[in-house]
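Structure first, then comments.
Any value given below was found using the heavy atoms of this structure, including those in side chains, with hydrogens, waters and symmetry copies removed. Just so it is clear: chains get the letters A, B, ... in the order the sequence lines come, proteins before strands, and each one is counted from 1.
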Amino acid sequence: MHISEGVLSGQVLSAGAVIAVTGTAMGLKKIDYDQIVHVAILASAFFVASLIHINIGPAGVHLILNGILGLLLGFAAIPAILTALLLQSIFFQYGGLTALGVNVVIMAAPAVLVHYLFLPFLGRSSKLTFWAGFFAGLFSILFSCLLLGFALWFTDKHFFETSLAIIITYIPIMIIEGIITGFCVSFLLKVYPEIIPKKP
Amino acid sequence: MIEEKFAFGNSFIHRLDPKARIIAVIILSFAAALCDNLNIAILYFIVSIVFIGLAKLNVKDVFKRIKPVFWFLLMLWILLPITFEGEIIYKFYWLEISTEGIIMCCKITIKSITILLFFTSLVATMNIASLGNGLHKLYVSDKMIFLLLMSYRYIAVIEDEYKRLLRAAKFRGFKPKTNVHSYKTFAYLAGMLFVRASLRAQRVHQAMLCRGFNKKFYTLDVYESDRSNFIFLIGVFITLATLVVLELYQGLFFGN
Amino acid sequence: MNNNENIIKLEQVVFSYPGSNITTLNHLDLEINRGDRLGMMAPNGSGKTTLLHTIMGLCKPNSGIIKIFGKQLKNEKDFAPIRTKIGLLFQDSDDQLFCPTVLEDVAFGPLNLGFSQEDAIKIARETLAKLGIEDFEQSVTHRMSGGQKRLVALAAVLAMQPEVLLLDEPTAGLDNKVKNKLINILNNIDITFLVISHEFDFIKAVTDKIYSMEEGRVLTDDKIHIHRHEHVHKHGRHPHVHK
Amino acid sequence: MNNNENIIKLEQVVFSYPGSNITTLNHLDLEINRGDRLGMMAPNGSGKTTLLHTIMGLCKPNSGIIKIFGKQLKNEKDFAPIRTKIGLLFQDSDDQLFCPTVLEDVAFGPLNLGFSQEDAIKIARETLAKLGIEDFEQSVTHRMSGGQKRLVALAAVLAMQPEVLLLDEPTAGLDNKVKNKLINILNNIDITFLVISHEFDFIKAVTDKIYSMEEGRVLTDDKIHIHRHEHVHKHGRHPHVHK
Ligand SMILES: Nc1ncnc2c1ncn2[C@@H]1O[C@H](COP(=O)(O)OP(=O)(O)OP(=O)(O)O)[C@@H](O)[C@H]1O
Ligand SMILES: Nc1ncnc2c1ncn2[C@@H]1O[C@H](COP(=O)(O)OP(=O)(O)OP(=O)(O)O)[C@@H](O)[C@H]1O
Ligand SMILES: [Mg+2]
Ligand SMILES: [Mg+2]
């Protein structure tokens, strides 16, 4: 989920950059030197997971999975997402430099939010785990869409209908991210519970 | 997948110090992003083309690289003129196309391509090691640089792992469809990627400890600063100043 | 059974990885007949894994003909049904196991083939029993040892009831006990197979013929000079030097 | 040089992985003396890798004594300086090469030891030259072949100028050419080492003594029965069965 270059106004771009830098600094502070490799390689996994291609009927979409990254990393997800987005722009030119800050906020803020909202429910029972994962996946995309909409709306009030259209097209993706995140979290809890952090 | 196609060239730009290039790309991109006049935006676009020329990049490859943006722009051209409110210039039943929408589309198209070209000519022409080096000289936090380099290093490894996992699934008759079994399988594949990433991180961390890692990251310096970097940055500043002045006093030059 | 029935036939196959200017497979010919038990021994990077992937349709050759079960295969659509009949054991078992438990992993194939849940589980259990690893049924794969994983991966492949097995270095990193178990399994299974390995003893024990690869081609001559290291030596600090 | 000088000494070391109820190392004793060239051959999952990690202080034992260079080591602080003097070659080279280029990777260790930038680069270049891979200096590690990566990882370890080498299955998946290169390197290096391998020929060619592991203990008896597969056999469908 990206906003392309050249769309947003100066105020929105700088607000995004400032929030992203602050968030990244906070995230980096929470990573100590023993965890930094873990965060880095999970960022690689997040990057690769975003290449996974899923069918929805005749169309296809790429996974986003910022919800899972948020659940696994909390605040550390911010620098991890910044890393992944920067590498994406270097390799594929999705987005460039000026919108990077805003894009980090769009992807990372929901990730951190979801961490605090849903992590406490993981591992209580297998059903609860799945649904906590489901809503973590769904909400992270929903929040991302809302942030994207706000960014456009703050740039120019005329973007209102455009924002609405984007949010509506993302509804199927929210559901699919929910399903995938639900199964994925159940999988992790069964196979490798150490990867799930202690309750916040 | 990750082929740094432009990183290994031999041009004026390739020889520049990464630090100078990073400074240049930041100020040029933001200046272009903030520009609000279509005519000036076109001038920025011309400057970006000059940079592509200076870096001696293959035009076809550059075009291929920025192709994803065209899909986005296409969507924009379909969506914006009909949803953007403003003065209606064309009406087709309930479809109303606004002038503001069209102008907006033009601006966004030019600006986004320009910024991507700046990025391609100045940043995509370094390999990641040099990028890390440049960021280091610009006092970016060591942790952040390390995160970037390390993450880059293992993307190819993890991507290979993913490809092989998907392959194995396909060999066992898996056909991706729109159903729960498919989504569950992809969830398992993604989950496995995270598990393996985490296990690998443990081993890599251990390997670093074994090599005497003591919470300090070193960057090898390979670029020496010479005069060309300075001249380059001066050139960038002059161009930029000219464009900004032009935009401020646009009325005098373009008469609107 | 007609022992000369061609199962896999490659003719003049040329392949190079996109972006690379090396021709990894260079006018390669290969025939595998029903009942063949072939070994393949060749240096790192000579293209063995690439060859197996070409047979499976993962690497699309630039030119040449691939015939499997007598039918020429050209595109993804032709290969898809073939892949379930050829079992490929990957060089790294970790790449092959992605379900939460061993049982689910082995049942994954049969489920995709359209078997019902119960039948798939039944097949999975039978296959595990055949390999003597039924006790691992509920284990989590990534906590198993290398040898155990290899056997589970083999079970996952065998559960598809393939007609040919392609084994990519099945013994790398395995101890002698598991190696012997594999030898045992391969010698008692009634299936056509091609096994890649760097270990002469192992290949010798399970196959009838040993092939090699050189310059992108398969050398089928039975008289290939496979340099065997017969002279194991105890030595001091300055031993005889191997070239 | 006193040939009986203890470099590494483990006494009654007990270790089990957190959350596991198996005692991986069970009252294990081990002595490595200066100049030793030891081999270790033992089944998968018998704890060889765990043993090496315990020596390096990466796995903290539940009880027992670890003495290295005559000094007893207890916590992270004690181990940190020791790790630079013991070179561990990991089972998977990808775990060990984490810098963007080969040169940086090999220089990583010396830089951490406090060498200046130029000296670190000089040491790195010399080490690469010693292993005959100086041409790879600017290569990106993840684009290299398995054998090349293994040699670079070895260079990275040797650049620290360690006094002891611990090698964890250095030959798995390598062809005979690279294997012989490794044999050559190990036979011409003046360093104490312990090498783990499943390949008898290789171990035999580079070491003086072969140890094994069983039930979490090291068997040092020179008379250990290492079951070697001397009788390679051609066979029909129902061969002699190995137990
Ligand atoms: N994805 C790829 N892109 C480009 N080149 C590749 C790729 N995969 C392999 N190669 C190259 O193709 C050649 C053959 O590789 P392949 O993996 O088939 O060798 P192999 O015989 O299986 O070696 P090994 O014994 O190490 O497994 C090698 O030179 C390798 O570097
Ligand atoms: N991180 C871990 N958590 C729990 N158990 C582990 C872990 N790593 C290894 N084990 C277990 O400890 C035992 C010893 O493992 P180790 O890796 O030391 O064996 P190894 O002798 O090196 O085997 P191989 O020849 O396959 O490399 C095995 O039973 C393994 O399953
Ligand atoms: Mg191979
Ligand atoms: Mg091991």
What part of Y162(B) is in contact with chain A, defined as an atom under 4.5 angstrom from a non-hydrogen atom: side chain, backbone, both or neither?
side chain

Interchain contact, S198(B) with chain A, by part (heavy-atom threshold 4.5 Å)
both

What one should report as the nearest heavy-atom pair of L193(B) and A45(A) is O-CB, 4.3 Å

Bottom line for L28(A): the part with an atom under 4.5 Å from chain B's heavy atoms is both

Quick check on L76(B) against chain A: is it the side chain, the backbone, both or neither that has a heavy atom closer than 4.5 Å?
neither

Run the side chain to side chain contact (heavy atoms under 4.5 Å, CB included) test on V37(A) and F146(B) for me, step by step, so that the C-alpha distance in whole Å, both residues' side-chain angles and the decisive distance to 0.1 Å come before the verdict.
CA-CA 9 Å; V37(A) 182; F146(B) 178 80; 4.2 Å; yes

Okay, I128(B) and chain A: the region with an atom under 4.5 Å from a heavy atom over there is side chain

Please report the closest heavy-atom contact between F194(B) and L65(A), naming both atoms and the distance.
CE1-CD1, 4.4 Å

Is there a side chain to side chain contact (heavy atoms under 4.5 Å, CB included) between L199(B) and Y192(A)? Walk through the geometry before answering.
CA-CA 10 Å; L199(B) 291 171; Y192(A) 191 55; 3.5 Å; yes

Would you compute the distance between atom CD1 of I180(A) and atom CZ of F186(B) and round it to the nearest 0.5 angstrom?
7.5 Å

Heavy-atom pairs under 4.5 Å with chain A are the metric here; pick the option from A33(B), G191(B), S29(B) that has the most.
G191(B)

Would F159(A) and M104(B) count as a side chain to side chain contact (heavy atoms under 4.5 Å, CB included) here? Give the steps.
CA-CA 11 Å; F159(A) 273 128; M104(B) 197 67 174; 3.6 Å; yes

Please rank P58(A), A49(A), G6(A) by heavy-atom pairs under 4.5 Å with chain B and give me the top one.
G6(A)

Mind listing the side-chain donor-acceptor pairs of residues 8-19 of chain A below 3.5 Å, one per line with the distance, residues two or more places apart or on another chain?
residue	atom	partner	partner atom	Å
S9(A)	OG	V12(A)	N	3.4
S14(A)	OG	G10(A)	O	2.6
S14(A)	OG	Q11(A)	O	3.3

Please state whether the rings of F217(B) and Y33(A) are parallel, tilted or perpendicular, taking 30° and 60° as the class boundaries.
tilted

Restricting to non-hydrogen atoms, name the atom on S151(B) and the atom on L87(A) that form the minimum distance, rounded to 0.1 Å.
OG-CD1, 3.8 Å

Of all heavy-atom pairs linking E5(A) and S112(B), the shortest is O-CB, 3.0 Å

Given M192(B) and F187(A), is the side chain to side chain contact (heavy atoms under 4.5 Å, CB included) satisfied, shown in steps?
CA-CA 8 Å; M192(B) 207 55 182; F187(A) 176 86; 3.6 Å; yes

Validation row: Y152(B), I90(A) side chains within 4.5 angstrom (heavy atoms)
no

If one checks every heavy atom of I179(A) against chain B at 4.5 Å, the contacting part turns out to be side chain

A quick test of your reading: do over 12 heavy atoms of other residues, nucleotides or ligands sit less than 6.0 Å from CH2 of W77(B)?
yes

Which of L63(A), I176(A), V191(A) touches chain B most, by non-hydrogen pairs under 4.5 Å:
I176(A)

Is V157(B) close to chain A through its backbone or its side chain, or both, or neither, when contacts mean heavy atoms under 4.5 Å?
neither

Considering all heavy atoms of both residues, which atom of A80(A) and which atom of L147(B) are nearest to each other, and what is their separation?
N-CD2, 4.4 Å

Applying a strict 4.5 Å limit to non-hydrogen atoms, the region of Q202(B) in contact with chain A is side chain

Rounded to the nearest 0.5 Å, what separation is found between the OG atom of S186(A) and the NZ atom of K184(B)?
9.5 Å

Measuring only between side-chain heavy atoms, which start at C-beta, is F183(A) closer than 4.5 Å to V180(B)?
yes

Nearest 0.5 angstrom please: S4(A) OG to L73(B) CG, how far?
6.0 Å

Looking only at heavy atoms and a cut-off of under 4.5 Å, which of V185(A), T24(A), D156(A) has the most pairs with chain B?
D156(A)

Best-contacting candidate, L164(A), I36(A), V7(A), against chain B by heavy atom pairs under 4.5 angstrom:
I36(A)

Taking every non-hydrogen atom, the tightest pair across M150(B) and S44(A):
O-OG, 4.4 Å

Non-neighbouring partners of S48(B) that pass side-chain hydrogen bond (donor to acceptor under 3.5 Å, both in side chains), sequence neighbours left out
none

Checking K143(B) side chain against I31(A) main chain: does a donor-acceptor pair fall under 3.5 Å?
yes

Rounded to the nearest 0.5 Å, what's the gap from CD1 on I166(A) to CE on M75(B)? Could you check?
5.5 Å

Is it the case that the side chain of N55(A) and the backbone of T178(B) share a donor-acceptor pair, with hydrogens and angles ignored and the cut-off at 3.5 Å?
no

Are M144(B) and T83(A) packed together at the side-chain level, in the sense that at least one heavy-atom pair is separated by less than 4.5 angstrom?
yes

Turns out that what part of L148(B) lies under 4.5 Å from chain A's heavy atoms comes down to both

Choice from Y183(B), F72(B), Y154(B), F213(B) maximising heavy atom contacts with chain A below 4.5 Å
Y183(B)

